[in-house]
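First the structure, in the form of structure tokens, and then the observations on it.
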There are 2 protein chains.
Amino acid sequence: MTDVDAAGARELGILIKATQAALNQRMDEALRPLGLTVAQYACLSNLHAEPGISSSELARRTFVSRQSMNVLLQALEKQGMVERAPEPGPRRERAALLTSRAQTSLAQAETAVADVLARMLTGLDPTQRDALRAGLTACRDALLDV
Amino acid sequence: MTDVDAAGARELGILIKATQAALNQRMDEALRPLGLTVAQYACLSNLHAEPGISSSELARRTFVSRQSMNVLLQALEKQGMVERAPEPGPRRERAALLTSRAQTSLAQAETAVADVLARMLTGLDPTQRDALRAGLTACRDALLDV
DNA sequence: GTTGTCATGTCAACATACTGACATCAAGTC
DNA sequence: GACTTGATGTCAGTATGTTGACATGACAAC
């Protein structure tokens, strides 16, 4: 790898961090009026996409430790947003489900987040979006496989 | 924005988060043997690129609060990695500089990080890298400008 | 000169996330 | 059956990061 490649690679690393930081900040601003944090939104969104998954599975999908996800879930449980099955499943997991109140809250959150994402993608035509998706997928996969 | 666009946008948001999480994890693994955290590396790297900048400026460039950067700098000072000017500048800022020990430590860190970045970009030709850079830049800028 | 504004550095309190450790239970292995 | 392996949930301790608040000093406006 040449020097210019190395410099460009470092720039890309910083760019990934900067973009994620900006996106997180905007999402936080958009979700705060709804009383949700970004982590809570991610939790609810994943539970909506796949109801009944366990806390550990949820942790993996939101890129946090299962301990952190557990305290997050407990907070959401106190707020009446999720209900957890009292009876553990085959692998000791307790299924989590959204309450109807969480469904409506999540719907509002989804539109707020959609606005942020639409703003982020302003100026990128479908071809460019596909290129971005392909590039990020390649980066992620290259970093993930052991 | 159509439904498929919205779904694609959400996928992109998750992809940015996933890529950044994977990159951070690999960097952490690569830097741990050197006794550096990712935040510390970012701090040293920015100080190397622009010696003498203030703690607040450093905080902005590494996407953390200036309070967090201050405790980070104090830790690096205790380790003999940075020296801070005792005399504050015109705006009360205290310039930070790398010690020679930090220079050598940073050099090792740079090669370790370069390996991670090279791995990340495996499978992307220069054209694809340019497209990725352009896409991320557009996303970041669209989210940043008020 | 006085005032208002802004950025820095710093202190305190709080929130969040992580690691390490342990018990539990299912499923495979011998 | 006895054993190991792997995944989950949970407790405790710690590290890290954030917000809020305040004092300080420079600069511009008046």
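In the text below, chain A, chain B and the rest are named by the order of the sequence lines, each starting its count at 1. These values consider heavy atoms only, across backbone and side chains, with no hydrogens, waters or symmetry-generated copies.
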Whether the side chain of R26(B) engages the backbone of L144(A) through a donor-acceptor N/O pair (distance < 3.5 Å, no angle test) should be reported.
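Checked: pair present.
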Using only atom types and a distance under 3.5 Å, with no angle test, would you say the side chain of R101(A) pairs donor to acceptor with the backbone of Q79(A)?
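Judged by distance alone, yes, a pair lies under 3.5 Å.
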Distance below 4.0 Å between [X] side-chain N/O and [N] OP1 or OP2:
X: R32(A); N: dT19(D); result: no
X: R60(A); N: dT8(D); result: yes
X: S56(B); N: dG9(C); result: yes
X: N70(A); N: dG9(D); result: no
X: S65(B); N: dT18(D); result: yes

Nearest whole Å is fine: how far is [N] [atom2] from [X] [atom1]?
X: E77(A); N: dG9(D); atom1: CD; atom2: P; result: 12 Å
X: L58(B); N: dA7(C); atom1: CG; atom2: C1'; result: 16 Å
X: R61(A); N: dT8(D); atom1: CZ; atom2: P; result: 12 Å
X: M69(B); N: dT10(C); atom1: CE; atom2: P; result: 14 Å
X: Q74(A); N: dT8(D); atom1: CD; atom2: C1'; result: 14 Å
X: L73(B); N: dG17(D); atom1: CG; atom2: P; result: 12 Å
X: Q25(B); N: dA17(C); atom1: CD; atom2: P; result: 16 Å
X: L72(B); N: dG17(D); atom1: CG; atom2: P; result: 6 Å

Among [options], the nucleotide that comes nearest once only the side chain of [X] is considered:
X: E93(A); options: dG9(C), dA21(D), dT8(D); result: dT8(D)
X: Q67(B); options: dT8(C), dT10(D), dT19(D); result: dT19(D)
X: A39(B); options: dG9(D), dG9(C), dG17(D); result: dG17(D)

Quick test of your reading of the model: are R119(B) and D115(B) salt-bridged, counting only N-O distances below 4.0 Å?
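Salt bridge between R119(B) and D115(B), a charged N being under 4.0 Å from a carboxylate O: no.
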Once you build an axis from the first five pairs and another from the last five of the helix from dG1(C)-dC30(D) to dC30(C)-dG1(D), how far apart in angle are they, to 10 degrees?
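The value is 30°.
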Distances for protein N/O vs nucleotides 22-24 of chain D N/O pairs under 3.5 angstrom?
from	atom 1	to	atom 2	distance (Å)
dT24(D)	O3'	R92(B)	NH1	3.4

Show your working on side chain to side chain contact (heavy atoms under 4.5 Å, CB included) between I53(B) and L47(B) and close with a plain yes or no.
CA-CA 7 Å; I53(B) 59 179; L47(B) 272 180; 3.8 Å; yes
Do the side chains of L117(A) and M120(A) get nearer than 4.5 Å, heavy atoms only?
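M120(A) reaches L117(A) side chain to side chain.
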Heavy-atom distance under 4.5 Å between the side chains of L121(A) and D5(B), does that happen here?
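No; the side chains remain at least 4.5 Å from each other.
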Within the structure shown, what part of the strands sits under 4.0 Å from S68(B) by heavy-atom distance: base, sugar-phosphate, or nothing?
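Contact class for S68(B): base.
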Can you measure from OG (S54(B)) to CE (M69(B)) and round to the nearest 0.5 angstrom?
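Interatomic distance, S54(B) OG to M69(B) CE, rounded to 0.5 Å: 10.0 Å.
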To the nearest 0.5 Å, tell me how far L136(A) CG sits from I16(B) CD1.
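Interatomic distance, L136(A) CG to I16(B) CD1, rounded to 0.5 Å: 6.0 Å.
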Check M27(A), E29(A), Q25(A) against V116(A) for a side chain to side chain contact (heavy atoms under 4.5 Å, CB included) and give me the one that passes.
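Option passing the side chain to side chain contact (heavy atoms under 4.5 Å, CB included) with V116(A): M27(A).
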List for me each residue that meets side-chain contact (heavy atoms from CB on, under 4.5 Å) alongside I14(A), sequence neighbours excluded, and say none if there are none.
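Checked I14(A) against side-chain contact (heavy atoms from CB on, under 4.5 Å); zero matches.
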